[in-house]
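Just so you know, these numbers come straight off a predicted model, no measurement behind them. Every chain is numbered from 1 and lettered A, B, ... according to where its sequence line falls, protein lines coming before strand lines.
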Amino acid sequence: MGRSEKALELVYPAGFFGEVYRIAAGIPTGKVATYGQIAAMLASPRSARVVGWAMRACPEGLNIPCHRVVNKAGELAPDHVFGGAEVQRAYLLAEGVTFLDDGRIDMKRCMWMPSGA
DNA sequence: ATGCTGACAGGAG
DNA sequence: ACTCCTGCCAGCA
């Protein structure tokens, strides 16, 4: 592996959290992924909560777009994190994510589909 | 070691 | 569509 990859090995935590961060880092701009979706990618479809927890512990130094990870209903994180859901929504809007009239993300349009459409 | 917690999800009523 | 209940599993006291 190249030097940059080795650097990532050093930066990303080992184990489940590290895998979560690695995947989250791959979410393209303008798209969002769900906790359960990421859990499924890790072959642990029952670990959605752990994914959410990993996001909460999100190391800011890694440049992880944790605002692009939402629940399956397309709802943003509660106000006690992120400095308010408004902040998260502003980030997503700036990236081109579209919202429905009820304030939820238009998941049908913006959910990340790594395996192709 | 034991028990509680949580940025979730799926099924049942 | 909404609420309630249960399963999950890594950290932390």
> Without decimals, in angstroms, what is the distance between A:M107 CE and B:dC8 P?
13 Å

> Roughly how far apart are A:L76 CG and A:I105 CD1, rounded to 0.5 Å?
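One finds 5.0 Å between CG of A:L76 and CD1 of A:I105.
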
> Could you state the CD1-P distance from A:I105 to B:dA7, rounded to the nearest angstrom?
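A:I105 atom CD1 is separated from B:dA7 atom P by 17 Å.
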
> Within the structure, does a side-chain N or O atom of A:R56 lie under 4.0 Å from either OP1 or OP2 of B:dA7?
yes

> Taking only heavy atoms on the protein side, list every residue of residues 29-43 of chain A lying under 4.0 Å from any atom of DNA chain B, sorted numerically.
A:T34, A:Y35, A:G36

> At under 4.0 Å between heavy atoms, what does A:C66 touch on the DNA or RNA strands: base, sugar-phosphate, or nothing?
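If one applies the 4.0 Å heavy-atom cut-off, A:C66 turns out to touch a base.
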
> Report the distance from atom CZ of A:F16 to atom C1' of B:dC8, rounded to the nearest whole Å.
12 Å

> Picking from C:dC9, B:dG6, B:dA9, which would you name as closest to the side chain of A:S47?
C:dC9

> Using the closest heavy atom to pick a nucleotide of DNA chain C for each, name whichever of A:R46 or A:R104 lands nearer the 5' end.
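The residue closer to the strand's 5' end, by nearest nucleotide, is A:R104.
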
> So, does A:Q37 use its side chain to make a donor-acceptor pair with the main chain of A:T34 at under 3.5 Å?
yes

> Can you check the A:H67 NE2 to B:dA7 C1' distance for me, whole Å?
14 Å

> Do A:I38 and A:V69 make a side-chain contact, defined as non-hydrogen atoms from C-beta onward lying under 4.5 Å apart?
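Sidechains of A:V69 and A:I38: in contact.
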
> Among the candidates B:dG10, C:dA10, B:dC8, find the nucleotide nearest to the side-chain atoms of A:N71.
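For A:N71, the side-chain atoms sit closest to B:dC8.
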
> Could you please spell out the steps behind the salt bridge (charged side-chain N to carboxylate O under 4.0 Å, His left out) verdict for A:R104 and A:D102?
CA-CA 6 Å; A:R104 295 181 305 146; A:D102 57 13; 3.0 Å; yes

> Rounded to the Å, how far apart are A:E75 CD and C:dA1 C1'?
12 Å

> Separation of A:M111 atom CE from B:dA9 atom P, in whole Å?
10 Å

> Not counting sequence neighbours, list each pair that qualifies as a side-chain hydrogen bond (donor to acceptor under 3.5 Å, both in side chains) and has a residue in residues 49-61 of chain A.
none

> Out of the candidates A:D106, A:V97, A:I27, only one should pair with A:V32 under the side-chain contact (heavy atoms from CB on, under 4.5 Å) rule; please name it.
A:V97

> Please step through salt bridge (charged side-chain N to carboxylate O under 4.0 Å, His left out) for the pair A:R68 and A:E95, ending with a clear verdict.
CA-CA 10 Å; A:R68 294 180 192 149; A:E95 295 179 349; 2.9 Å; yes

> Side chain of A:A48: nearest nucleotide among C:dC8, B:dA9, B:dG6?
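Nucleotide nearest to A:A48's side chain: B:dA9.
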
> Under a 4.0 Å heavy-atom cut-off, which of residues 76-98 of chain A touch DNA chain B?
A:A77, A:P78, A:H80, A:F82

> Could you state the atom-to-atom distance from OH of A:Y21 to C1' of B:dA7 in whole Å?
12 Å

> With the side chain counted from C-beta on, respond yes when A:C66 and A:F82 share a heavy-atom pair under 4.5 Å apart, and no when they do not.
yes

> If we ignore hydrogens and angles and just use 3.5 Å, is the side chain of A:Y12 paired with the main-chain N or O of A:L62 as donor and acceptor?
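Not a single qualifying donor-acceptor pair exists.
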
> Tell me: CZ of A:R49 to P of C:dC12, nearest whole Å?
17 Å

